[in-house]
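Working notes, beginning with the structure itself.
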Amino acid sequence: VTTVDEAKKYYPLFGMGANVALIFSGQFVKWVSNMRGSLPPGVDAWGVSLKYLMGGVCASGAVLLATFRFMQDKVLNDPQCVDVEKRKEVAAARSSKKKRARMSTRESPGVDAWGVSLKYLMGGVCASGAVLLATFRFMQDKVLNDPQCVDVEKRKEVAAARSSKKKRARMSTRESFKFLLDSKYIRDLATLVIGYGMCINIVEVSWKAKLKAAFPDPNAYSAFMGNFSSATGVATLTMMLLGRKIFKKFGWGVAAKVTPTMIGVTGLSFFALTLFPGVVAPLAATFGTSPLMLAVLVGAIQNILSKSSKYSLFDPCKEMAYIPLDQESKTKGKAAVDVIGNPMGKSGGALIQQFLIFAVGSLAAATPYLAVILSGIIFFWFKAANSLSVQFENAMQNEYSTEEAA
């Protein structure tokens with residue numbers, strides 16, 4: 001539907017549209033859940049709600065198809081909206097490709113069309129492979145060793161350099177860990193990723209346990225999750241709009257600390273409400289609710305803010321941190337962070353909880369220890385963010401200085 005040039009302009013809007021859809025879908029789920037509670041006895045409430053939900057899915061699909069048809073007929077052929085000539089060139093290239101593909105799908109009565117086409121395709125592959133092998137052998141024997149065709153000495157130097165580079169680039173798992181530990185910059189970046197994964201896992205599991213206790217009725221639970229989805233969409237949309245201004249006004253360092261600040265404040269508040277319900281009971285009474293419900297609401301706020309700040313600030317900060325690195329550090333560092341950091345964050349949080357539950361007997365009994373561990377993770381997260389902020393700013397200044405000197 002969009003070209004690469006158009007995608008740069010419109011894809012951020014698509015992301016915002018997805019969060020707007022999340023708002024409306026959450027309210028629809030809430031409406032269906034409330035409707036289930038008003039049905040008379042003897043009516044299959046789940047069956048009725050399922051029909052409404054599937055009806056909503058079908059209606060959404062019909063709207064998507066109609067929108068797609070409108071765009072194809074009215075928008076993509078309008079010179080004021082798109083470059084029609086360029087799109088025709090792309091369409092012609094695709095049409096030619098489809099025509100070539102259809103040649104292998106012609107069917108005859110009583111003939112195994114797939115078997116015939118498979119034989120032709122495999123025959124073409126084998127023939128092409130034989131031609132490639134023969135050509136490669138000829139080039140190796142006759143062309144690449146002929147001083148009249150290539151600079152033989154220079155090719156030997158290039159081959160030696162490539163061989164040396166490949167040896168340096170190949171890293172075992174042990175070497176990847178060593179690279180992660182030896183590079184302070186990558187180590188701090190990995191700490192951010194691991195910290196986020198562990199914090200989210202630690203708080204979310206405890207929050208969902210409280211959520212089930214607060215909403216034992218499936219209808220009430222579904223209605224709450226509908227509101228939760230809508231609130232997540234609103235918060236993410238708002239943070240996406242504010243994220244750019246935060247980067248522009250305060251810089252990378254402040255933007256990188258927004259996510260741990262939100263998770264730390266709301267996460268520790270949730271654990272405090274969970275551990276000291278008697279202390280917060282008067283406060284909860286002033287709001288006309290219970291300590292359990294207050295803890296659930298604070299936990300929901302924590303989940304909403306952590307997800308919205310991740311998409312709008314944390315992920316962009318992580319990707320921006322790779323910019324000033326050289327190509328080798330960027331490649332190895334990204335592999336180390338994505339392959340080791342992400343799984344370690346998620347599995348690390350789950351492992352801590354499983355160990356504590358096994359040691360003390362239940363998730364409720366493990367809550368005080370989880371609060372302490374969360375505080376420690378947030379501390380190291382902030383420490384790594386501060387350190388990485390200084391390194392990032394210095395690296396960017398060095399890059400600017402190099403560009404100006406050039």
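If you read the sequence from its start, that first residue is 1, and numbering goes on from there.
Between the Gln353 side chain and the Asn201 main chain, a donor and an acceptor come within less than 3.5 Å of each other. No donor-acceptor pair under 3.5 Å is formed between the side chain of Thr289 and the backbone N or O of Ala285. A donor-acceptor pair under 3.5 Å is absent between the side-chain atoms of Ser387 and the main chain of Lys383, judged by distance alone. Looking at Asp315, its side chain never comes within 3.5 Å of a backbone N or O of Tyr311 through a donor-acceptor pair.
Note on Lys330 versus Asp326: no salt bridge recorded, every NZ/NE/NH1/NH2 to OD/OE distance being 4.0 Å or above.
In this structure, the separation between CG on Leu273 and CE on Met293 is 13.0 Å, given to the nearest 0.5 Å. A distance of 14.0 Å separates NZ in Lys346 from CE in Met198, rounded to the nearest 0.5 Å. Note that CG of Leu370 is 5.0 Å distant from OG of Ser206, once rounded to the nearest 0.5 Å. Note: Ile200 CD1 to Ile263 CD1 = 4.0 Å, rounded to the nearest 0.5 Å. Atom OG in Ser312 sits 7.0 Å away from atom CE in Met240 (nearest 0.5 Å). Distance CG/Leu297 to CG/Leu292: 9.5 Å, rounded to 0.5 Å.
Taking the six-membered ring for Trp and the full ring otherwise, the centers of Trp207 and Phe228 sit less than 6.0 Å from each other.
Between Met225 and Leu211, some side-chain heavy-atom pair lies under the 4.5 Å cut-off. In this structure the side chain of Val203 reaches within 4.5 angstrom of the side chain of Phe271, judged on heavy atoms. Annotation: side chain of Ser308 is not in contact with side chain of Thr232 (no heavy-atom distance under 4.5 Å). Residues Phe270 and Val296 form no side-chain contact, since every pair of their non-hydrogen atoms from C-beta on lies 4.5 Å or further apart. Between Leu65 and Arg69 there is no side-chain heavy-atom pair separated by less than 4.5 Å. Here the side chains of Leu388 and Thr191 are not in contact, with every heavy-atom distance at 4.5 Å or above. Between Leu268 and Ser375, some side-chain heavy-atom pair lies under the 4.5 Å cut-off. At least one side-chain heavy atom of Tyr185 sits less than 4.5 Å from a side-chain heavy atom of Pro324.
Remark: Tyr52 OH is loosely packed, at most 12 non-hydrogen atoms of other residues, nucleotides or ligands lying under 6.0 Å away. Remark: Phe380 CZ is loosely packed, at most 12 non-hydrogen atoms of other residues, nucleotides or ligands lying under 6.0 Å away. The number of heavy atoms from other shown groups lying within 6.0 Å of CZ (Phe247) is above 12.
Glu393 and Ser389 form no side-chain donor-acceptor contact under 3.5 Å, judged by distance and modelled atom types alone. In summary, the side chains of Thr236 and Lys307 do not present any donor paired with an acceptor at a separation below 3.5 Å, with no hydrogens or angles considered.
Between Leu275 and Pro368, the shortest heavy-atom distance links the atoms CD2-CG, 3.5 Å. The minimum heavy-atom distance linking Pro260 with Ile378 is given by the pair O-CD1, 3.8 Å. Between Gly341 and Val193, the shortest heavy-atom distance links the atoms C-CG1, 3.9 Å. Between Leu313 and Gly243, the shortest heavy-atom contact is CD2-CA, 3.7 Å. Closest non-hydrogen pair, Ile304 versus Ala231, comes out as CD1-CB, 3.5 Å. Taking every heavy atom of both residues into account, Leu192 and Ala384 meet most closely at CD1-CB, 3.6 Å.
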### Task
Check the pair Lys310, Thr259 against side chain to side chain donor-acceptor pair (under 3.5 Å), reporting the backbone distance first and the verdict last.
CA-CA 7 Å; Lys310 179 184 186 295; Thr259 304; over 6 Å; no
### Task
Let me see the working for Ser306 and Met262 under side chain to side chain contact (heavy atoms under 4.5 Å, CB included), right down to the final yes or no.
CA-CA 7 Å; Ser306 62; Met262 288 184 173; over 6 Å; no
### Worked check of side chain to side chain contact (heavy atoms under 4.5 Å, CB included) between Trp381 and Ile194
CA-CA 9 Å; Trp381 188 347; Ile194 295 172; over 6 Å; no
### Message
The test is side chain to side chain contact (heavy atoms under 4.5 Å, CB included); show your working for Leu356 and Ile373 and say whether it passes.
### Response
CA-CA 11 Å; Leu356 288 175; Ile373 292 172; 3.9 Å; yes
### Query
Taking it one step at a time, do Asn227 and Gln27 satisfy side chain to side chain contact (heavy atoms under 4.5 Å, CB included)?
CA-CA 6 Å; Asn227 284 330; Gln27 291 305 303; 3.3 Å; yes
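Paired with Trp252 under the rule side chain to side chain contact (heavy atoms under 4.5 Å, CB included), one option of Lys257, Met320, Met396 passes, and it is Met320.
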